[in-house]
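Worth knowing before you read on, the calculation uses all heavy atoms, side chains too, and leaves out hydrogens, waters and symmetry mates. All chains are named by letter (A, B, ...) in the order of the sequence lines, taking the proteins before the strands, and each is independently numbered beginning at 1.
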Number of protein chains: 2
Amino acid sequence: MSIINNINKAFDHRIRLGIMSILMVNDYADFNMLKELLGATDGNIASHTKSLEKAEYIKVEKQFIGKKPNTRYYATKLGKLEFKKHINALEKLIGKQ
Amino acid sequence: MSIINNINKAFDHRIRLGIMSILMVNDYADFNMLKELLGATDGNIASHTKSLEKAEYIKVEKQFIGKKPNTRYYATKLGKLEFKKHINALEKLIGKQ
DNA sequence: TAAAGTACTTTGAAAAACAAAGTAAGTTAA
DNA sequence: TTAACTTACTTTGTTTTTCAAAGTACTTTA
(Lines give C-alpha, C1' and ligand atoms only; values in the text may rest on other atoms or scores of the structure.)
Protein backbone atom coordinates (compact mmCIF):
# COMPACT_ATOMS: atom_id res chain seq x y z
CA MET A 1 0.00 0.00 0.00
CA SER A 2 1.53 3.24 -1.19
CA ILE A 3 1.38 6.59 0.51
CA ILE A 4 -1.04 7.93 -2.07
CA ASN A 5 -3.37 4.98 -1.94
CA ASN A 6 -6.31 6.78 -0.45
CA ILE A 7 -6.05 9.77 -2.70
CA ASN A 8 -9.15 9.48 -4.80
CA LYS A 9 -8.48 9.95 -8.47
CA ALA A 10 -11.96 11.36 -8.97
CA PHE A 11 -11.08 14.35 -6.78
CA ASP A 12 -7.55 14.66 -8.04
CA HIS A 13 -8.06 17.85 -9.97
CA ARG A 14 -8.37 21.37 -8.63
CA ILE A 15 -11.72 22.05 -10.25
CA ARG A 16 -13.30 18.85 -8.95
CA LEU A 17 -11.74 19.47 -5.56
CA GLY A 18 -13.27 22.93 -5.68
CA ILE A 19 -16.69 21.64 -6.69
CA MET A 20 -16.73 19.14 -3.85
CA SER A 21 -15.52 21.70 -1.32
CA ILE A 22 -18.32 24.00 -2.32
CA LEU A 23 -20.88 21.21 -2.10
CA MET A 24 -19.65 20.16 1.32
CA VAL A 25 -20.27 23.54 2.89
CA ASN A 26 -23.27 24.57 0.84
CA ASP A 27 -26.33 22.43 0.59
CA TYR A 28 -26.28 22.90 -3.16
CA ALA A 29 -24.78 25.09 -5.84
CA ASP A 30 -25.96 25.95 -9.29
CA PHE A 31 -24.02 26.06 -12.51
CA ASN A 32 -23.21 29.73 -12.38
CA MET A 33 -22.24 29.67 -8.75
CA LEU A 34 -19.69 26.96 -9.48
CA LYS A 35 -18.52 28.78 -12.55
CA GLU A 36 -17.96 32.03 -10.68
CA LEU A 37 -16.47 30.56 -7.56
CA LEU A 38 -14.04 28.48 -9.54
CA GLY A 39 -13.32 30.93 -12.34
CA ALA A 40 -13.76 28.18 -14.90
CA THR A 41 -15.33 28.13 -18.32
CA ASP A 42 -18.74 26.68 -19.06
CA GLY A 43 -17.37 23.62 -20.81
CA ASN A 44 -15.08 23.02 -17.93
CA ILE A 45 -17.78 23.06 -15.31
CA ALA A 46 -19.92 20.84 -17.50
CA SER A 47 -17.28 18.17 -17.95
CA HIS A 48 -16.07 18.10 -14.35
CA THR A 49 -19.58 17.96 -12.93
CA LYS A 50 -20.35 15.21 -15.38
CA SER A 51 -17.43 13.12 -14.20
CA LEU A 52 -18.42 13.57 -10.55
CA GLU A 53 -21.99 12.71 -11.44
CA LYS A 54 -20.87 9.56 -13.21
CA ALA A 55 -19.03 8.51 -10.07
CA GLU A 56 -22.24 9.22 -8.15
CA TYR A 57 -20.49 11.72 -5.94
CA ILE A 58 -22.84 14.51 -6.86
CA LYS A 59 -26.38 14.60 -8.19
CA VAL A 60 -27.95 17.03 -10.56
CA GLU A 61 -31.38 18.60 -10.52
CA LYS A 62 -32.72 20.61 -13.37
CA GLN A 63 -35.59 22.98 -12.89
CA PHE A 64 -36.91 26.32 -14.01
CA ILE A 65 -36.59 29.35 -11.79
CA GLY A 66 -39.18 31.67 -13.19
CA LYS A 67 -38.59 31.13 -16.83
CA LYS A 68 -34.89 30.47 -16.67
CA PRO A 69 -33.44 26.97 -16.64
CA ASN A 70 -31.42 26.26 -13.56
CA THR A 71 -29.18 23.35 -12.73
CA ARG A 72 -28.41 22.51 -9.16
CA TYR A 73 -25.66 20.24 -7.95
CA TYR A 74 -25.71 18.40 -4.65
CA ALA A 75 -23.13 16.17 -3.04
CA THR A 76 -24.48 12.67 -2.50
CA LYS A 77 -24.02 10.75 0.72
CA LEU A 78 -21.40 8.65 -1.04
CA GLY A 79 -19.71 11.76 -2.38
CA LYS A 80 -19.49 13.32 1.06
CA LEU A 81 -18.09 10.14 2.54
CA GLU A 82 -15.50 9.64 -0.16
CA PHE A 83 -14.50 13.26 -0.10
CA LYS A 84 -13.88 13.08 3.63
CA LYS A 85 -11.70 10.05 3.08
CA HIS A 86 -9.86 11.94 0.39
CA ILE A 87 -9.27 14.92 2.65
CA ASN A 88 -7.99 12.67 5.39
CA ALA A 89 -5.60 11.05 2.97
CA LEU A 90 -4.47 14.46 1.75
CA GLU A 91 -3.90 15.70 5.26
CA LYS A 92 -1.99 12.62 6.15
CA LEU A 93 0.22 13.11 3.13
CA ILE A 94 0.86 16.82 3.47
CA GLY A 95 0.43 17.15 7.20
CA LYS A 96 4.02 16.19 7.79
CA GLN A 97 5.41 19.34 6.22
CA MET B 1 -9.81 35.65 -7.72
CA SER B 2 -11.41 32.25 -7.39
CA ILE B 3 -11.24 29.90 -4.45
CA ILE B 4 -8.87 27.60 -6.28
CA ASN B 5 -6.53 30.33 -7.42
CA ASN B 6 -3.58 29.30 -5.34
CA ILE B 7 -3.87 25.64 -6.13
CA ASN B 8 -0.79 25.04 -8.23
CA LYS B 9 -1.50 23.10 -11.37
CA ALA B 10 1.98 21.60 -11.28
CA PHE B 11 1.13 19.78 -8.05
CA ASP B 12 -2.40 18.98 -9.05
CA HIS B 13 -1.90 15.27 -9.46
CA ARG B 14 -1.57 12.63 -6.78
CA ILE B 15 1.75 11.34 -8.01
CA ARG B 16 3.35 14.78 -8.18
CA LEU B 17 1.83 15.61 -4.81
CA GLY B 18 3.37 12.44 -3.49
CA ILE B 19 6.77 13.17 -5.00
CA MET B 20 6.84 16.62 -3.45
CA SER B 21 5.66 15.35 -0.08
CA ILE B 22 8.45 12.83 -0.07
CA LEU B 23 11.01 15.45 -1.05
CA MET B 24 9.82 17.83 1.64
CA VAL B 25 10.48 15.41 4.47
CA ASN B 26 13.45 13.61 2.97
CA ASP B 27 16.51 15.44 1.82
CA TYR B 28 16.41 13.45 -1.39
CA ALA B 29 14.88 10.35 -2.92
CA ASP B 30 16.04 8.15 -5.72
CA PHE B 31 14.06 6.71 -8.59
CA ASN B 32 13.25 3.43 -6.94
CA MET B 33 12.32 4.99 -3.66
CA LEU B 34 9.76 7.17 -5.40
CA LYS B 35 8.55 4.24 -7.41
CA GLU B 36 8.02 2.06 -4.38
CA LEU B 37 6.57 4.70 -2.11
CA LEU B 38 4.10 5.77 -4.74
CA GLY B 39 3.34 2.41 -6.27
CA ALA B 40 3.74 3.85 -9.73
CA THR B 41 5.26 2.46 -12.90
CA ASP B 42 8.67 3.46 -14.21
CA GLY B 43 7.30 5.55 -17.06
CA ASN B 44 5.03 7.29 -14.66
CA ILE B 45 7.75 8.32 -12.28
CA ALA B 46 9.88 9.43 -15.20
CA SER B 47 7.24 11.69 -16.68
CA HIS B 48 6.05 13.23 -13.43
CA THR B 49 9.56 13.94 -12.23
CA LYS B 50 10.30 15.45 -15.62
CA SER B 51 7.38 17.83 -15.38
CA LEU B 52 8.42 18.92 -11.88
CA GLU B 53 11.97 19.33 -13.08
CA LYS B 54 10.82 21.45 -16.00
CA ALA B 55 9.02 23.72 -13.54
CA GLU B 56 12.26 23.87 -11.54
CA TYR B 57 10.53 22.52 -8.47
CA ILE B 58 12.89 19.58 -8.20
CA LYS B 59 16.40 18.94 -9.39
CA VAL B 60 17.96 15.74 -10.58
CA GLU B 61 21.39 14.30 -9.96
CA LYS B 62 22.69 11.29 -11.75
CA GLN B 63 25.58 9.28 -10.39
CA PHE B 64 26.86 5.75 -10.12
CA ILE B 65 26.61 3.84 -6.91
CA GLY B 66 29.13 1.07 -7.39
CA LYS B 67 28.37 0.13 -10.93
CA LYS B 68 24.70 0.91 -10.91
CA PRO B 69 23.29 4.14 -12.22
CA ASN B 70 21.37 6.06 -9.61
CA THR B 71 19.16 9.08 -9.99
CA ARG B 72 18.45 11.32 -7.05
CA TYR B 73 15.71 13.89 -6.85
CA TYR B 74 15.81 16.94 -4.60
CA ALA B 75 13.23 19.65 -4.03
CA THR B 76 14.58 23.05 -5.00
CA LYS B 77 14.14 26.14 -2.85
CA LEU B 78 11.50 27.32 -5.29
CA GLY B 79 9.80 23.95 -5.22
CA LYS B 80 9.62 23.95 -1.43
CA LEU B 81 8.25 27.46 -1.39
CA GLU B 82 5.63 26.80 -4.02
CA PHE B 83 4.64 23.52 -2.44
CA LYS B 84 4.06 25.24 0.88
CA LYS B 85 1.86 27.78 -0.84
CA HIS B 86 -0.01 24.94 -2.49
CA ILE B 87 -0.56 23.17 0.81
CA ASN B 88 -1.81 26.35 2.39
CA ALA B 89 -4.24 26.83 -0.46
CA LEU B 90 -5.37 23.22 -0.15
CA GLU B 91 -5.89 23.54 3.57
CA LYS B 92 -7.80 26.73 3.16
CA LEU B 93 -10.04 25.04 0.64
CA ILE B 94 -10.68 21.80 2.46
CA GLY B 95 -10.18 23.00 6.00
CA LYS B 96 -13.77 24.14 6.23
CA GLN B 97 -15.16 20.61 6.08
C1' DT C 1 28.33 -16.85 -22.39
C1' DA C 2 23.62 -16.91 -22.26
C1' DA C 3 19.90 -15.57 -19.50
C1' DA C 4 18.14 -12.61 -16.16
C1' DG C 5 18.16 -8.44 -13.60
C1' DT C 6 18.63 -3.30 -12.77
C1' DA C 7 17.73 1.43 -13.70
C1' DC C 8 16.02 4.08 -16.18
C1' DT C 9 14.03 6.32 -21.10
C1' DT C 10 11.26 6.33 -25.10
C1' DT C 11 7.11 5.68 -27.47
C1' DG C 12 2.54 5.70 -28.84
C1' DA C 13 -2.08 4.89 -27.61
C1' DA C 14 -5.78 6.28 -24.54
C1' DA C 15 -7.91 9.44 -21.57
C1' DA C 16 -8.66 13.93 -19.83
C1' DA C 17 -8.88 18.91 -20.13
C1' DC C 18 -10.12 22.76 -22.39
C1' DA C 19 -12.29 26.65 -24.83
C1' DA C 20 -14.80 27.84 -28.78
C1' DA C 21 -18.83 27.17 -31.05
C1' DG C 22 -23.50 25.64 -30.89
C1' DT C 23 -28.39 25.34 -29.10
C1' DA C 24 -32.64 26.75 -27.32
C1' DA C 25 -35.11 29.63 -24.89
C1' DG C 26 -36.07 34.34 -23.03
C1' DT C 27 -35.54 39.56 -23.06
C1' DT C 28 -34.85 44.13 -24.78
C1' DA C 29 -34.90 47.94 -28.00
C1' DA C 30 -36.17 50.14 -32.37
C1' DT D 1 -42.54 42.62 -34.43
C1' DT D 2 -38.52 41.36 -35.33
C1' DA D 3 -33.70 41.60 -35.03
C1' DA D 4 -30.08 41.68 -31.83
C1' DC D 5 -28.67 40.33 -27.48
C1' DT D 6 -28.54 37.58 -23.16
C1' DT D 7 -28.76 33.43 -20.36
C1' DA D 8 -27.79 28.78 -19.30
C1' DC D 9 -26.05 25.41 -20.50
C1' DT D 10 -24.12 21.35 -24.11
C1' DT D 11 -21.44 19.68 -27.85
C1' DT D 12 -17.40 19.36 -30.46
C1' DG D 13 -12.81 18.83 -31.72
C1' DT D 14 -8.18 20.01 -30.69
C1' DT D 15 -4.52 19.97 -27.38
C1' DT D 16 -2.44 18.21 -23.43
C1' DT D 17 -1.61 14.79 -20.13
C1' DT D 18 -1.27 10.22 -18.45
C1' DC D 19 0.10 5.80 -18.74
C1' DA D 20 2.26 1.30 -19.30
C1' DA D 21 4.65 -1.48 -22.57
C1' DA D 22 8.68 -1.81 -24.94
C1' DG D 23 13.35 -0.36 -25.53
C1' DT D 24 18.29 0.65 -24.08
C1' DA D 25 22.51 0.01 -21.89
C1' DC D 26 24.59 -1.88 -18.95
C1' DT D 27 25.68 -5.60 -14.79
C1' DT D 28 25.16 -9.90 -12.45
C1' DT D 29 24.44 -14.71 -12.00
C1' DA D 30 24.28 -19.51 -13.40
Item to check | Test item: B:Leu52 and B:Met20 side chains (from C-beta on) under 4.5 Å apart, heavy atoms | outcome: yes
Item to check | Interatomic distance, B:Phe64 CZ vs D:dA25 P [rounded to whole Å] | outcome: 13 Å
Next on the checklist: Test question: given the 4.5 Å side-chain rule for I, L, V, M, F, W and Y, name all other residues clustered with A:Leu81, or answer none.
Outcome noted: none
Item to check | By side chain to side chain contact (heavy atoms under 4.5 Å, CB included) - contacts of A:Lys62 (at least two apart) | outcome: A:Val60, A:Thr71
Checklist entry - Given a cutoff of under 4.5 Å between side-chain heavy atoms of I, L, V, M, F, W and Y, with clusters grown through shared members, what are the other residues clustered with A:Phe64? => result none
Checklist entry - Which is true for A:Asn70 with a 4.0 Å heavy-atom rule: it touches a base, it touches only sugar-phosphate, or it touches nothing? => result sugar-phosphate
Checklist entry - What integer distance in Å separates A:Ile4:CD1 from D:dC19:C1'? => result 13 Å
Checklist outcome for this item: Within residues 5-16 of chain A, the residues having a heavy atom closer than 4.0 Å to DNA chain C are A:His13, A:Arg14, A:Ile15, A:Arg16
Checklist entry - Between D:dT27 atom C1' and B:Ile65 atom CD1, what is the distance in whole Å? => result 15 Å
Next on the checklist: Between C1' on D:dC19 and NZ on B:Lys35, what's the gap in Å once rounded to a whole number?
Outcome noted: 14 Å
Checklist entry - Is any side-chain N or O of A:His48 closer than 4.0 Å to OP1 or OP2 of C:dC18? => result yes
Enumerate donor-acceptor pairs with a distance under 3.5 Å from any side-chain N or O in residues 37-44 of chain A to protein atoms, sequence neighbours excluded.
| from | atom 1 | to | atom 2 | distance (Å) |
| --- | --- | --- | --- | --- |
| A:Thr41 | OG1 | A:Asn44 | N | 3.4 |
| A:Asp42 | OD1 | A:Lys35 | NZ | 2.7 |

Checklist entry - Given atom CG of B:Leu34 and atom C1' of D:dC19, what is their separation to the nearest angstrom? => result 17 Å
Checklist entry - Below 4.0 angstrom from OP1 or OP2 of C:dA7, is there any side-chain N or O of B:Lys68? => result yes
Item to check | Listed once per pair and sorted, the side-chain hydrogen bond (donor to acceptor under 3.5 Å, both in side chains) pairs that draw on residues 51-60 of chain A, sequence neighbours left out | outcome: A:Asn8-A:Tyr57
Checklist outcome for this item: With sequence neighbours left out, the residues meeting side chain to side chain contact (heavy atoms under 4.5 Å, CB included) with A:Ser47 are none
Checklist entry - Roughly, in whole Å, what's the span from CG in A:Leu52 to C1' in C:dA17? => result 14 Å
Checklist entry - Can you find a pair of side-chain heavy atoms, one from A:Arg14 and one from B:Leu93, that are under 4.5 Å apart? => result no
Checklist entry - Between A:Leu38 (CG) and C:dA17 (P), how many Å, whole number? => result 14 Å
Contacts under 3.5 angstrom, residues 23-32 of chain A side chains, donor-acceptor by atom type, not counting sequence neighbours:
| from | atom 1 | to | atom 2 | distance (Å) |
| --- | --- | --- | --- | --- |
| A:Asn26 | ND2 | A:Ile22 | O | 2.9 |
| A:Tyr28 | OH | A:Arg72 | NH2 | 3.0 |
| A:Asp30 | OD1 | A:Asn32 | N | 3.4 |
| A:Asp30 | OD1 | A:Met33 | N | 3.0 |
| A:Asp30 | OD2 | A:Asn70 | ND2 | 3.2 |

Polar atom pairs between nucleotides 9-13 of chain C and protein, under 3.5 Å, N or O only, would you list them?
| from | atom 1 | to | atom 2 | distance (Å) |
| --- | --- | --- | --- | --- |
| C:dT9 | OP1 | B:Lys62 | NZ | 2.4 |

Item to check | Nearest-angstrom distance from the residue atom CD of B:Gln63 to P of C:dC8 | outcome: 10 Å
